[in-house]
J.: 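Provided herewith is a single structure, encoded as structure tokens, for subsequent inquiry.
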Amino acid sequence: MSKPEKRKINGVLLLDKPHGISSNHALQKVKKIFSAAKCGHTGTLDPMATGLLPICFGEATKFSAHLLGAEKSYIATLKLGFLSTTGDAEGEIHQLEIPEYPTQAKCERTLLQFTGTTQQIPPMYSALKYQGKPLYQYARNGDTIARPARDINIDTLQILSLHDDELRISVRCSSGTYIRVLAEDIGKALGCGGAYLTDLRRTAIDRFNIAQAQTLQAIEDLESGERQHLLLSIDHLLQDYPVIQLNDLMAKHILQGRIVACPSDASVIPEGAMARLYNEQQQFLGLGVITPERAIVAKRLLSGIP
């Protein structure tokens, strides 16, 4: 039996990743369901984590990096007074002695220490590379590699519930923040010796929210023709950039790699800034950069536009 023909699909799917599979496994499932020729995800979630995983199809992969650096929101459940070798429920768990459970007031005061710009040491169980190998491979062999601390930003950190040694929080943070490390650090600051994640759910990336996401089961249950309607247009990834509309001749020239003059109605866009480019038919062309001479140079364009 021949394999189904791969389809050239462009757009963005907001997936609600299930528990227990890697982000890449979820990606491959979606790719198979859509019979897509090309797709990639933006922002890895650990197998134990659930929640928002944007998947870019086709030409959208050219712009996926714009989500990699975006702020992210999570709901996390911490088990206080325990340590895990991986920082979550998948590692080897060690119980610690807690003199007493922290109060709500103490938790509120402690969480304030973690808001704003702070430094965090990435965990050994991570995909960060050292000498060409991910750190988790060293960790599995019992090796520890020195990792430099790096700046992160915690925008908001709020308590959702506290029951004895279980603390549930919501976090809005910069890209590159490890919630597993944050959980352990919070546990230590509370005088509990540490903590690990028993549950983690990503609820937002930039302007995208988990309420917009689809589960794998819901996608599978749809007819093939209906699935296309789940995809957002590529320029949904780039809503923070201003818009420049080009006439047909300018659009033709920019697609040919030529520099075009910046339209007068785009005079408020500063030099060096990127903008979304559209033709007269409101078709998204890609991104361009404004030069000091008030011209537009193509930065990244869609392929196959006539």
Side-chain angles (χ1 to χ4, degrees), residues 12-36 39-57 64 67-68 72-80 82-95 122-129 133-141 160-161 163 165-171 173 175-184 186-187 194-205 208-222 227 230-231:
V12 182
L13 174 73
L14 301 181
L15 177 69
D16 185 348
K17 188 191 88 66
H19 177 273
I21 64 173
S22 68
S23 294
N24 186 61
H25 189 183
L27 171 71
Q28 296 307 320
K29 280 179 172 285
V30 168
K31 187 177 182 180
K32 183 177 180 180
I33 292 170
F34 279 85
S35 298
C39 62
H41 65 70
T42 60
T44 302
L45 281 172
D46 293 333
M48 70 146 286
T50 66
L52 187 59
L53 183 68
I55 293 180
C56 297
F57 290 90
S64 60
L67 277 189
L68 292 176
K72 299 172 175 65
S73 296
Y74 299 89
I75 293 176
T77 303
L78 285 60
K79 191 74 168 175
L80 304 174
F82 293 80
L83 285 175
S84 166
T85 52
T86 60
D88 57 29
E90 296 191 331
E92 184 179 338
I93 310 299
H94 302 278
Q95 186 172 4
M124 275 300 300
Y125 278 90
S126 69
L128 293 177
K129 297 289 184 64
K133 289 169 53 178
L135 288 177
Y136 64 76
Q137 290 188 9
Y138 294 96
R140 287 171 181 169
N141 291 329
L160 298 178
S161 64
H163 300 292
D165 62 354
E166 186 174 277
L167 174 64
R168 193 162 176 260
I169 60 174
S170 65
V171 186
C173 58
S175 178
T177 303
Y178 286 91
I179 307 300
R180 288 176 287 144
V181 176
L182 177 64
E184 187 171 322
I186 288 173
Y196 74 95
L197 291 179
T198 60
D199 188 71
L200 180 65
R201 182 162 178 79
R202 185 156 65 195
T203 56
I205 301 178
F208 299 122
N209 191 277
I210 190 62
Q212 303 168 272
Q214 305 290 328
T215 65
L216 280 173
Q217 188 62 56
I219 298 169
E220 287 180 314
D221 288 345
L222 291 176
R227 292 172 187 148
L230 300 178
L231 302 185

J.: Under the side-chain contact (heavy atoms from CB on, under 4.5 Å) rule, what do T177 and V171 come out as? Steps first, then yes or no, please.
T.: CA-CA 10 Å; T177 303; V171 186; 5.8 Å; no
J.: So which atom in A195 and which in A183 form the shortest heavy-atom distance, rounded to 0.1 Å?
T.: CB-O, 3.4 Å
J.: Identify the heavy atoms of L128 and P122 that sit nearest to each other, and give their distance.
T.: CD1-CB, 3.4 Å
J.: By ring-ring contact (aromatic ring centres under 6.0 Å, His included), which residues pair with Y196, not counting sequence neighbours?
T.: none
J.: Quick check: closest heavy atoms across I179 and A76, and the distance to 0.1 Å?
T.: CG2-CB, 4.0 Å
J.: Roughly how far, to the nearest 0.5 Å, is CG of L53 from CD1 of I205?
T.: 7.0 Å
J.: Test of understanding: with side chain to side chain contact (heavy atoms under 4.5 Å, CB included), list the residues that count as partners of S175, not counting sequence neighbours.
T.: K72
J.: Looking at side-chain heavy atoms only, is the closest gap between L14 and P54 below 4.5 Å?
T.: yes
J.: Between R201 and D16, is there a side-chain heavy-atom distance shorter than 4.5 Å?
T.: yes
J.: Heavy-atom distance under 4.5 Å between the side chains of L45 and T50, does that happen here?
T.: no
J.: Can you tell me how far apart CG (D199) and CG (D88) are? Round to the nearest 0.5 Å.
T.: 11.0 Å
J.: Starting at OG1 of T198, measure out to CD of E166 and round the result to the nearest 0.5 Å.
T.: 5.5 Å
J.: For L83 and I93, what are the C-alpha separation, side-chain angles and deciding distance, and is it a side-chain contact (heavy atoms from CB on, under 4.5 Å)?
T.: CA-CA 6 Å; L83 285 175; I93 310 299; over 6 Å; no
J.: Could you tell me which non-hydrogen atom of C56 sits nearest to which non-hydrogen atom of V12, and how far apart they are?
T.: SG-CG2, 4.4 Å
J.: Start with the C-alpha gap between Y136 and T86, add the side-chain angles, then the distance that decides, and say whether side-chain contact (heavy atoms from CB on, under 4.5 Å) holds.
T.: CA-CA 9 Å; Y136 64 76; T86 60; over 6 Å; no
J.: Does K31 NZ have over 12 foreign heavy atoms under 6.0 Å away?
T.: yes
J.: Which of these passes side chain to side chain contact (heavy atoms under 4.5 Å, CB included) with L160: I75, I169, T77?
T.: I75
J.: Would a distance-only check, ignoring hydrogens and angles, find a side-chain to backbone donor-acceptor pair under 3.5 Å from T42 to S64?
T.: no
J.: Compute whether any side-chain donor of one residue and acceptor of the other, for Q217 and D221, lie under 3.5 angstrom apart.
T.: yes
J.: Looking at every non-hydrogen atom in both residues, tell me the closest pair between G91 and T85 and how far apart they are.
T.: CA-OG1, 3.5 Å
J.: Could you grab the distance from atom CG of L52 to atom OH of Y74, nearest 0.5 Å is fine?
T.: 9.5 Å
J.: Drop me the distance from E220's CD to I33's CD1, to the nearest 0.5 angstrom.
T.: 4.0 Å
J.: Could you go step by step and tell me if Q28 and K32 meet the side-chain contact (heavy atoms from CB on, under 4.5 Å) rule?
T.: CA-CA 6 Å; Q28 296 307 320; K32 183 177 180 180; over 6 Å; no
J.: Determine, for R202 against D46, whether the closest basic-nitrogen to carboxylate-oxygen distance falls under 4.0 angstrom.
T.: no
J.: Quick one: side chain to side chain contact (heavy atoms under 4.5 Å, CB included) partners of P123, sequence neighbours excluded?
T.: S126, Y178, R180, V181
J.: For residues I55 and C39, report the shortest heavy-atom separation together with the two atoms involved.
T.: CG2-CB, 4.1 Å
J.: In Å, rounded to the nearest 0.5 Å, how long is the span from CZ of R227 to OG of S35?
T.: 8.0 Å
